[in-house]
There are 2 protein chains.
Amino acid sequence: MINVIDESGILAISTRLQRLADQLRKDGQLIYKANGIDFEPKWFPVIYTLYLKPVLSVVEISMEIGYTHPSTISLLKELEKEKLIRSKKDKLDERKRLIQLTEKGKTLVAEMQPVWQRMVVALTALTNTKNNLMKAIEEVEAQMKTLSFLERERQL
Amino acid sequence: MINVIDESGILAISTRLQRLADQLRKDGQLIYKANGIDFEPKWFPVIYTLYLKPVLSVVEISMEIGYTHPSTISLLKELEKEKLIRSKKDKLDERKRLIQLTEKGKTLVAEMQPVWQRMVVALTALTNTKNNLMKAIEEVEAQMKTLSFLERERQL
DNA sequence: TTGATTTATGTAGTTAACTACGTAGTTTTA
DNA sequence: TAAAACTACGTAGTTAACTACATAAATCAA
């Protein structure tokens, strides 16, 4: 069945993007569960960032993952409760809280590697169509950097 | 500056989609405001649906816009408070509440037409890159219908 | 034709992001 | 070197979707 929103075209693009993001996140959740791994997709950006850059402050993480710092703080709270990360004050700058993976966190990352690999394969198969979704996102983000949606409408 | 999430590739695709959806929605909000129109982007699916199909029940609307019925109900409450829609009981089926645009709603739709037209032009320019975002979304949705992300991972 | 099932709507509470605002520590400047 | 500005972090409250559950009307089946 074709509904109005699928037909209304580009005006509903933000709704369409949202819906697709939601579906992928939910499937991600189920995939971790099916693989016996206690992990939430929303934790991925923080954990993956700390895996690549082992010691970062709260704001550094928020910039890496592109979230606001309050959002980052609430993710960090969950991860600390799960004992996947720990934090300590920066001796050189008392305002900063330095975050890193715990041993449990590092072990979990190692366990998730094969799942992540399969996810990459599945997602690549899913999105590698005539118009590649990842590339399309990158291209649109580049376009917006040049001239945002707001600015483009104003110029008409 | 390139951050970790932009580099982590396809595993963060749901985050990337979400972010793009948010940015477009926020710009949409500003565009309505800049054009002196008191309208929220989140109302678009309901209003546009009722513009195309003038009388629908709550569940019919929720199916058209692809939201759950509780989400739809809360949108309808806002729109009723704004006096953009009104509802009446279906005489033939007392369970149903039939929704339609008010005169104020119809007038607003007419006023928004030129803004929508400019939005379409701006969004088309923004997304009509080498890999077309709208087409990519449609292709991925079709792929998921065939075999979801969850099912694809399981088969590996 | 009444009991069971389905459908339509509604309410309550959750989630995952956000903005706005406040405080404490660091850096810059007059 | 003290005041001003900036930076880092935190809290409170909002938003826009969701799931789970409840109720009433309609339909189906024995």
Nearest-Å distance for atom pair [atom1]/[atom2], residues [X] and [N]:
X: B:Glu94; N: D:dT27; atom1: CD; atom2: C1'; result: 16 Å
X: A:Leu98; N: C:dG25; atom1: CG; atom2: P; result: 16 Å
X: A:Lys96; N: C:dT26; atom1: NZ; atom2: C1'; result: 10 Å
X: B:Lys91; N: D:dA25; atom1: NZ; atom2: P; result: 16 Å
X: B:Asp93; N: D:dT27; atom1: CG; atom2: C1'; result: 10 Å
X: B:Ile99; N: C:dT9; atom1: CD1; atom2: C1'; result: 10 Å

Nucleotide N/O of nucleotides 16-23 of chain C paired with protein N/O under 3.5 Å:
| unit_1 | atom_1 | unit_2 | atom_2 | d |
| --- | --- | --- | --- | --- |
| C:dA16 | OP2 | A:Lys42 | NZ | 2.4 |
| C:dA17 | OP1 | A:Tyr67 | OH | 3.0 |
| C:dC18 | OP2 | A:Thr68 | N | 3.3 |
| C:dC18 | OP2 | A:Thr68 | OG1 | 2.9 |
| C:dC18 | OP2 | A:Ser71 | OG | 2.2 |

* Asked: Under a 3.5 Å cut-off on both pairing distances, which runs of 3 or more consecutive Watson-Crick or G-U pairs involve DNA chain D?
  ->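 Ordered by first number, the stems with DNA chain D (at least 3 consecutive pairs each) read C:1-30 with D:1-30.
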Determine whether [X] and [Y] fall in the same hydrophobic cluster, where Ile, Leu, Val, Met, Phe, Trp and Tyr are linked whenever their side-chain heavy atoms lie under 4.5 Å apart.
X: A:Leu84; Y: A:Val115; answer: yes
X: A:Val120; Y: B:Leu156; answer: no
X: A:Ile73; Y: A:Tyr67; answer: yes
X: A:Tyr51; Y: A:Leu98; answer: no

* **Toward the 5' end of DNA chain C, by each residue's nearest nucleotide, B:Val59 or A:Leu92** => B:Val59
* Counting only heavy atoms not in A:Lys104, do more than 12 fall under 6.0 Å of its NZ? ->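 Atom NZ in A:Lys104 is crowded, with more than 12 foreign heavy atoms closer than 6.0 Å.
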* Out of B:Leu79, B:Leu56, B:Leu50, B:Val55, which residue meets the side chain to side chain contact (heavy atoms under 4.5 Å, CB included) rule with B:Ile99? -> B:Leu50
* To do: May I ask you to decide if the ring planes of B:Trp43 and B:Phe39 are parallel, tilted or perpendicular, using 30° and 60° as cut-offs?
  => perpendicular
* **side-chain N/O B:Arg95 vs D:dT23 OP1/OP2, d < 4.0 Å** =>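 Answer no for this pair, as no side-chain N or O of B:Arg95 is under 4.0 Å from OP1 or OP2.
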* Asked: Side chains of A:Ser14 and B:Arg25: do they bring a donor and an acceptor to under 3.5 Å?
  ->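 Not at all, the side chains of A:Ser14 and B:Arg25 share no donor-acceptor pair under 3.5 Å.
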* Atom pair CG/CG of B:Leu126 and B:Asp27 - distance to nearest 0.5 Å ->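 With rounding to 0.5 Å, CG (B:Leu126) is 9.0 Å from CG (B:Asp27).
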